[in-house]
Amino acid sequence: MTPAIETISLSRRYGRMIALDQLNLRVERGSIYGFIGPNGAGKTTTLRLLAGLLEPSSGEIRLSGQRLVPGSGQRLVGYMPDFFGVYDDLRVWEYLDFFARCYGIPSDRRSRTVDELLSLVDLSSKRTAYVQTLSRGMQQRLCLAHALVHNPPVLLLDEPASGLDPRARVELRELLRTLREMDKTVVLSSHILSELAEICTEIGIIESGKMVISGPVDEVRRQLQGGAQLRIRVLHSVEQAEIVLRGLVGTASETLPHLRNVRLAPTEERTLIIELDEADETLQTRLLHYLIGQGLAISEFRAQAENLEELFLRLTAGE
Ligand SMILES: Nc1ncnc2c1ncn2[C@@H]1O[C@H](COP(=O)(O)OP(=O)(O)OP(=O)(O)O)[C@@H](O)[C@H]1O
């Protein structure tokens with residue numbers, strides 16, 4: 001299927017500085033794509049290029065297979081910048097009505113469009129409030145409604161979760177789900193991976209203008225992690241469990257998983273963290289049998305996902 005967004009060797013310089021270096025991005029239609037990278041990685045530059053607000057130094061952008069030429073992107077994408085401009089003395093409905101006029105929506109449809117958008121972003125009750133009196137989360141939602149005024153198939157959201165409290169984040173997540181059900185393709189950026197891992201269907205990690213890794217969240221996790229982790233808690237002597245498990249590290253066994261490392265959990269009592277070469281459930285079950293056979297009283301035995309945030313930091317620290 002033709003992807004909603006594709007970039008081919010997309011580069012952008014500011015003077016002599018290369019902000020984006022031969023980026024190949026592919027975003028399938030209907031996905032929620034999380035674009036993650038530390039400050040200055042090139043996220044905003046990419047989103048502005050995709051929105052047609054910046055011109056590439058070289059390379060190509062295709063939206064639904066069509067090459068993006070200057071000025072052609074505005075109808076295909078909705079762009080939400082990472083800051084909200086100040087709009088003094090403008091009420092919420094007037095703000096949206098203004099942008100609906102800019103997009104040439106005729107007056108008989110404008111009022112309905114504004115009402116539908118306010119309902120979508122749950123701001124109907126704030127219809128006549130002044131924009132500057134809205135909370136940060138409400139302003140974000142209004143900004144999102146603005147990006148949706150012309151009903152674009154693609155939405156580009158720069159740091160939509162920044163500065164939101166936990167409740168506002170949950171609301172944002174719900175809103176993104178609704179947009180997905182409406183068959184929109186959404187790209188959103190953040191420098192905090194955990195903000196996006198739960199929301200997104202796919203993620204791409206960018207650093208110094210280059211894509212480091214990209215794909216479905218679980219696949220990226222697997223690639224970064226390159227194995228599995230087990231958390232084992234014992235009822236009595238953790239020292240005995242540690243000896244038994246350490247005895248297995250590095251040994252070549254056909255029937256047990258290959259153990260890379262065994263360490264005590266830093267914050268939990270009588271608990272060990274085991275790093276394995278592979279995430280094979282059958283082998284893990286055999287390990288449990290083996291440990292019980294060694295007389296260990298196991299009170300907890302579970303696979304745990306390594307914190308994606310730590311993996312990300314390790315990756316972007318160049319380790
Ligand atoms: N207008 C500009 N002129 C010169 N350099 C720029 C300009 N805009 C961005 N840059 C530089 O390009 C690089 C990428 O910036 P960009 O804003 O795309 O990164 P980002 O990943 O969005 O960062 P942040 O998370 O801090 O918003 C940075 O080194 C930045 O300093």
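Please read these numbers as outputs of a predicted model, since none were measured by experiment. Quick note: residue numbers are just sequence positions, from 1. Order of appearance sets the numbers: ligands from 1, and atoms from 1 within every ligand.
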Polar-atom distance check: [X] versus ligand 1, any N or O pair below 3.5 Å?
| X | answer |
| --- | --- |
| A19 | no |
| G37 | no |
| G40 | yes |

Could you tell me the residue and atom name of the protein heavy atom closest to [atom], and the distance to it rounded to 0.1 Å?
| atom | answer |
| --- | --- |
| atom 25 (O) of ligand 1 | K43 NZ, 2.8 Å |
| atom 19 (O) of ligand 1 | G42 N, 3.2 Å |
| atom 18 (O) of ligand 1 | T45 OG1, 2.6 Å |
| atom 2 (C) of ligand 1 | Y14 CD2, 3.5 Å |

Quick check on E159 - does any of its heavy atoms sit under 4.0 Å from an atom of ligand 1?
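True for this residue.
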I need the L120 CG to D115 CG distance, nearest 0.5 Å.
12.5 Å
From NZ (K43) to CD (E207), nearest 0.5 Å
10.5 Å
CA sep, side-chain torsions, deciding dist, call: V262, L248, side-chain contact (heavy atoms from CB on, under 4.5 Å):
CA-CA 9 Å; V262 175; L248 294 174; over 6 Å; no
Start with the C-alpha distance between L47 and D82, add both sets of side-chain angles, then the distance that settles side-chain contact (heavy atoms from CB on, under 4.5 Å), and finish with yes or no.
CA-CA 11 Å; L47 295 185; D82 57 351; over 6 Å; no
Option nearest atom 29 (O) of ligand 1 (shortest heavy-atom distance, choices M17, H191, R13):
M17
Of the listed options (L47, T46, T44, L49), which comes nearest to atom 27 (O) of ligand 1 when hydrogens are ignored and any heavy atom counts?
T44
Short side-chain to backbone donor-acceptor contact, R91 and K126, under 3.5 Å:
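Not a single qualifying donor-acceptor pair exists.
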Just jot down the ligand 1 atoms closer than 4.0 angstrom to any heavy atom of N39, in number order.
23 (O), 24 (P), 25 (O), 26 (O)
Under 4.0 Å from a heavy atom of A41: give me the atoms of ligand 1 that qualify, with their elements.
19 (O), 20 (P), 21 (O)
Is there a donor in the side chain of S135 and an acceptor in the side chain of R141, or the other way round, less than 3.5 Å apart?
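No, because no side-chain N or O of S135 sits under 3.5 Å from a partner of the opposite role on R141.
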Would R12 count as a cation-pi partner of Y14, with NZ or CZ less than 6.0 Å from the six-membered ring centre and within 45° of the ring normal?
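The answer is yes; both the distance and angle limits are met.
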Would a search of protein heavy atoms around atom 31 (O) of ligand 1 find one under 4.0 Å away?
no
For the pair S214 and N24, evaluate side-chain contact (heavy atoms from CB on, under 4.5 Å) and give the outcome as yes or no after the intermediate values.
CA-CA 10 Å; S214 99; N24 293 311; over 6 Å; no
In terms of hydrophobic clusters joined by side-chain contacts under 4.5 Å, are V121 and L90 together?
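Yes, V121 connects to L90 through the hydrophobic network.
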